[in-house]
Amino acid sequence: FLERLDEIAGDAYRPSQGDILRARVRTTGLHEQRFTLEDTDTVVLDTGRAKSERRKWVRRFTDVDVVLFVASLSQFDQALFEDGTTNRMVEAMKLFEDVVNSQSFKTTEYAAPRTR
């Protein structure tokens, strides 16, 4: 986006589909989104994946029906923000293994889409 910074910062800027697809917002903490889907109340919790946040959010997961674990395949050659050395893809796979093997989620269904 840097070469288009003036355009993006302008009041008239409207993101294209490509802009939206390429956008990524680094999240920290726990973000909750509630909605109703086909008469079913649904809560989605975005954990942000930060290692320092995991102990805080794991306690929030009670009565979970499905874990949607999203990992980016394009991070295969990137390091974690926290330490600058741990491979993001390796860390994502370790986190997935930890979640799947957690007693808190032993009766939970899983979906694990991969993104670019």
Side-chain angles (χ1 to χ4, degrees):
F1 290 130
L2 291 179
E3 67 275 359
R4 297 178 45 220
L5 194 55
D6 289 336
E7 173 192 352
I8 292 169
D11 291 337
Y13 173 71
R14 297 291 178 260
S16 67
Q17 286 184 352
D19 292 341
I20 293 168
L21 290 173
R22 290 182 195 92
R24 180 182 183 277
V25 176
R26 186 174 161 265
T27 57
T28 58
L30 191 64
H31 299 270
E32 182 176 300
Q33 181 67 46
R34 294 176 176 272
F35 58 93
T36 301
L37 183 65
E38 296 181 7
D39 297 324
T40 301
D41 292 331
T42 303
V43 179
V44 174
L45 296 172
D46 177 357
T47 62
R49 271 190 31 190
K51 282 180 105 170
S52 61
E53 304 284 333
R54 291 181 190 162
R55 286 194 182 112
K56 296 175 191 174
W57 57 254
V58 75
R59 291 183 218 114
R60 289 284 310 272
F61 292 96
T62 58
D63 195 30
V64 174
D65 294 317
V66 176
V67 170
L68 178 63
F69 189 92
V70 180
S72 173
L73 295 176
S74 66
Q75 296 182 352
F76 74 93
D77 62 348
Q78 297 176 22
L80 289 179
F81 178 80
E82 294 90 345
D83 68 17
T85 59
T86 304
N87 180 279
R88 287 184 182 188
M89 183 63 70
V90 170
E91 182 66 17
M93 295 310 292
K94 181 183 178 313
L95 176 57
F96 181 73
E97 183 178 342
D98 290 348
V99 171
V100 167
N101 292 317
S102 168
Q103 288 297 312
S104 300
F105 302 114
K106 66 182 182 181
T107 61
T108 304
E109 298 291 328
Y110 291 89
R114 303 294 188 255
T115 64
R116 291 192 308 165

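From a predicted model like this one, the values you see are computed outputs, not experimental measurements. Hydrogens, waters and symmetry mates play no part in the numbers below; they use all other heavy atoms, side chains included.
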(request) Working to the nearest 0.5 Å, report the span between CG of Asp65 and CG of Asp63. (result) 6.0 Å
(request) Mind checking the CG-CG spacing from Leu68 to Leu45? Nearest 0.5 Å is all I need. (result) 11.5 Å
(message) With heavy-atom distances below 4.5 Å as the criterion, would you say the side chains of Arg34 and Asp41 are in contact?
(response) no
Could you tell me which non-hydrogen atom of [X] sits nearest to which non-hydrogen atom of [Y], and how far apart they are?
X: Val67; Y: Val99; result: CG1-CG1, 4.3 Å
X: Met89; Y: Leu73; result: CE-CA, 3.4 Å
X: Phe105; Y: Val64; result: CE2-CG2, 4.0 Å
X: Leu80; Y: Arg88; result: N-CG, 3.8 Å
X: Tyr13; Y: Asp19; result: OH-OD2, 2.6 Å

(request) Please list, chain by chain and in numerical order, all residues satisfying side-chain contact (heavy atoms from CB on, under 4.5 Å) with Thr42, sequence neighbours excluded. (result) Phe35, Leu37, Thr40, Val44
(message) Are Val100 and Phe69 linked, directly or through intermediate hydrophobic residues, by side-chain heavy-atom contacts shorter than 4.5 Å (ILVMFWY only)?
(response) yes
(request) Treat each ILVMFWY residue as a node, draw an edge where side-chain heavy atoms are under 4.5 Å apart, and state whether Val70 and Val90 are in one component. (result) no
(request) Any pair with a residue in residues 95-112 that passes salt bridge (charged side-chain N to carboxylate O under 4.0 Å, His left out), sequence neighbours left out, goes on the list, sorted by first then second residue, please. (result) Lys94-Asp98
(message) I'd like to know whether CD of Gln17 has more than 12 heavy-atom contacts from other residues, nucleotides or ligands below 6.0 angstrom.
(response) no
